[in-house]
Protein chains: 2
Amino acid sequence: MDAAPFCTRQGIAELLRHHEINPTHQRIEIAFALFSRREHLSADQVMGIVNARVPECSKATVYNTLNLFREKRMIREVVVDPAKVFYDPNTSAHHHLYDVVRGTLVDIPPGDIEVTGMPSIPDGLEAEGVDIVVRVRPVDA
Amino acid sequence: MDAAPFCTRQGIAELLRHHEINPTHQRIEIAFALFSRREHLSADQVMGIVNARVPECSKATVYNTLNLFREKRMIREVVVDPAKVFYDPNTSAHHHLYDVVRGTLVDIPPGDIEVTGMPSIPDGLEAEGVDIVVRVRPVDA
DNA sequence: CCGCCAATTAGACAAGGTCCAAACTTTGTC
DNA sequence: GACAAAGTTTGGACCTTGTCTAATTGGCGG
Ligand SMILES: [Mn+2]
Ligand SMILES: [Mn+2]
Ligand SMILES: [Zn+2]
Ligand SMILES: [Zn+2]
């Protein structure tokens with residue numbers, strides 16, 4: 001077992017294969033942007049990071065690929081800002097703290113917060129997940 | 001005290017004044033759409049309802065007015081769908097159940113679900129609120 | 001009726017995101 | 001290797017939600 005498997009292109013390629021995703025150059029770069037930083041990024045931010053040095057990837061591919069990763073459950077989507085979606089390389093159960101002024105999203109350490117009493121799901125529906133978002137703002141603003 | 005104060009234009013006008021909002025014709029129609037139905041509506045749905053019989057209100061006014069209502073805390077914004085915002089006439093503490101396939105949002109009866117252990121807010125930030133969204137989907141889909 | 005200010009409006013604009021047909025790359029087969 | 005089929009990427013058109021602006025309307029006090 002590697003110490004930091006997602007800091008190398010090799011480790012990322014392995015991760016992609018594990019999720020039944022063909023590890024192409026563009027997909028590796030996009031996954032690397034997310035998994036090496038372990039941050040919540042918007043599609044636009046991913047685009048910026050991947051193409052920072054040299055153009056690697058078109059806008060269409062960034063969106064296609066993020067949606068592919070989500071379908072394959074390799075990343076998670078976090079909807080919290082009306083203007084854009086965040087993509088989260090951490091798919092384990094955890095919740096979020098959202099700075100509504102700065103527009104930044106950080107994880108809430110698991111255990112700091114918990115849900116008690118799963119609500120009764122109406123007939124014909126099944127639960128897919130529970131999202132908790134703590135909205136915060138700078139004290140002065 | 002009226003039995004159903006938000007089912008009449010009179011009651012709505014009163015509500016607007018109570019929130020320091022000048023009760024114009026357009027504002028009354030928009031508030032009436034939300035408060036008489038007690039549903040979660042998108043801006044587009046509000047537009048459709050208000051202008052169903054006869055054109056009452058422009059798109060600009062719908063957006064301006066919903067934002068005004070939100071600023072005055074008369075309604076609440078619910079961000080749950082990447083494609084659009086929902087507006088909620090119920091501002092009391094409660095959480096939501098979101099059907100990701102049908103795109104519909106309903107309230108979770110208070111008490112059915114609860115948060116334990118408010119997470120430690122980082123320095124320089126203050127909590128504004130906690131949103132809980134239970135994502136569900138039809139069993140067959 | 002006049003003047004003022006609040007409110008509304010049409011339409012241009014911006015940003016996030018999807019779609020499409022063409023081109024390019026990889027894979028499989030002979 | 002040659003070729004076909006399948007998979008992937010691409011630019012750019014396109015769509016939707018939402019904002020902005022400059023012009024117009026409307027209520028109201030005097
Ligand atoms: Mn908004
Ligand atoms: Mn969008
Ligand atoms: Zn996270
Ligand atoms: Zn609600």
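Residue numbers start from 1 in every chain, and the chains themselves are labelled A, B, ... in the order their sequence lines are given, proteins ahead of strands.
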Flag for B/H40-B/D107: side-chain donor and acceptor within less than 3.5 Å: yes
Interatomic distance, A/E71 CD vs C/dT18 C1' [rounded to whole Å]: 13 Å
Closest to the A/A43 side chain: C/dG17, C/dA10, D/dG18? C/dG17
Nearest-angstrom distance from the residue atom CG of A/L16 to C1' of D/dT8: 14 Å
Taking atom NE2 of B/H18 as the centre, does the number of heavy atoms from other residues, nucleotides or ligands within less than 6.0 Å exceed 12? no
Just by modelled atom types, is the B/C57 backbone N or O under 3.5 Å from a matching donor or acceptor in the B/N51 side chain? yes
Between D/dG18 (C1') and B/F86 (CZ): distance, integer Å: 15 Å
Are any side-chain N or O atoms of B/E29 and backbone N or O atoms of B/Q26, one a donor and one an acceptor, separated by less than 3.5 Å? no
B/D81 CG - D/dT16 P separation (whole Å): 14 Å
B/R27 side-chain proximity, nearest of C/dT8, C/dG17, C/dT9: C/dT8
Could you tell me whether the side chain of A/N90 and the main chain of A/S92 form a donor-acceptor pair under 3.5 Å? yes
Scan B/N22 against the nucleic acid and name what it touches under 4.0 Å (heavy atoms): base, sugar-phosphate only, or nothing. sugar-phosphate
State whether B/T61 places a side-chain N or O below 4.0 Å from either non-bridging phosphate oxygen (OP1 or OP2) of C/dT8. no
Grab the CG-C1' distance between B/N64 and D/dT19 for me, whole Å please. 9 Å
Closest to side chain of B/T24, choosing from C/dT8, C/dG11, D/dT10: C/dT8
Taking the side chain of B/K84 as heavy atoms from C-beta outward, which of C/dA6, D/dG18, C/dT8 is closest to it? D/dG18
B/Y87 OH to D/dT17 P, in whole Å, measures 12 Å
Checking all strands, does A/N67 fall into the base, sugar-phosphate, or nothing category for heavy-atom contacts under 4.0 angstrom? sugar-phosphate
Rounding to an integer number of Å, can you tell me how far A/Q26 CD sits from C/dA23 P? 18 Å
Using the six-membered ring of B/Y87, assess whether NZ or CZ of B/R76 lies under 6.0 Å from its centre and within 45 degrees of the ring axis. no
For a 4.5 angstrom cut-off between non-hydrogen side-chain atoms, does B/D88 reach B/I75? no
Rounding to 10°, can you tell me the angle the first-five-pair axis of the helix from C/dC1-D/dG30 to C/dC30-D/dG1 makes with its last-five-pair axis? 10°
With respect to the side chain of B/Y63, which nucleotide from D/dT9, D/dT19, C/dT9 is positioned closest? D/dT19
Do A/D131 and B/Y98 get their side chains close enough for a donor-acceptor pair, meaning under 3.5 Å? no
Using heavy-atom distances to pick each residue's nearest nucleotide on DNA chain C, tell me which of B/E56 and B/K59 is more 5'. B/E56
Picking from D/dG18, D/dT10, C/dG16, the nucleotide nearest the side-chain atoms of A/A60 would be D/dT10
Euclidean distance, atom CD of residue B/E29 to atom C1' of C/dT8 [Å, nearest integer]: 15 Å
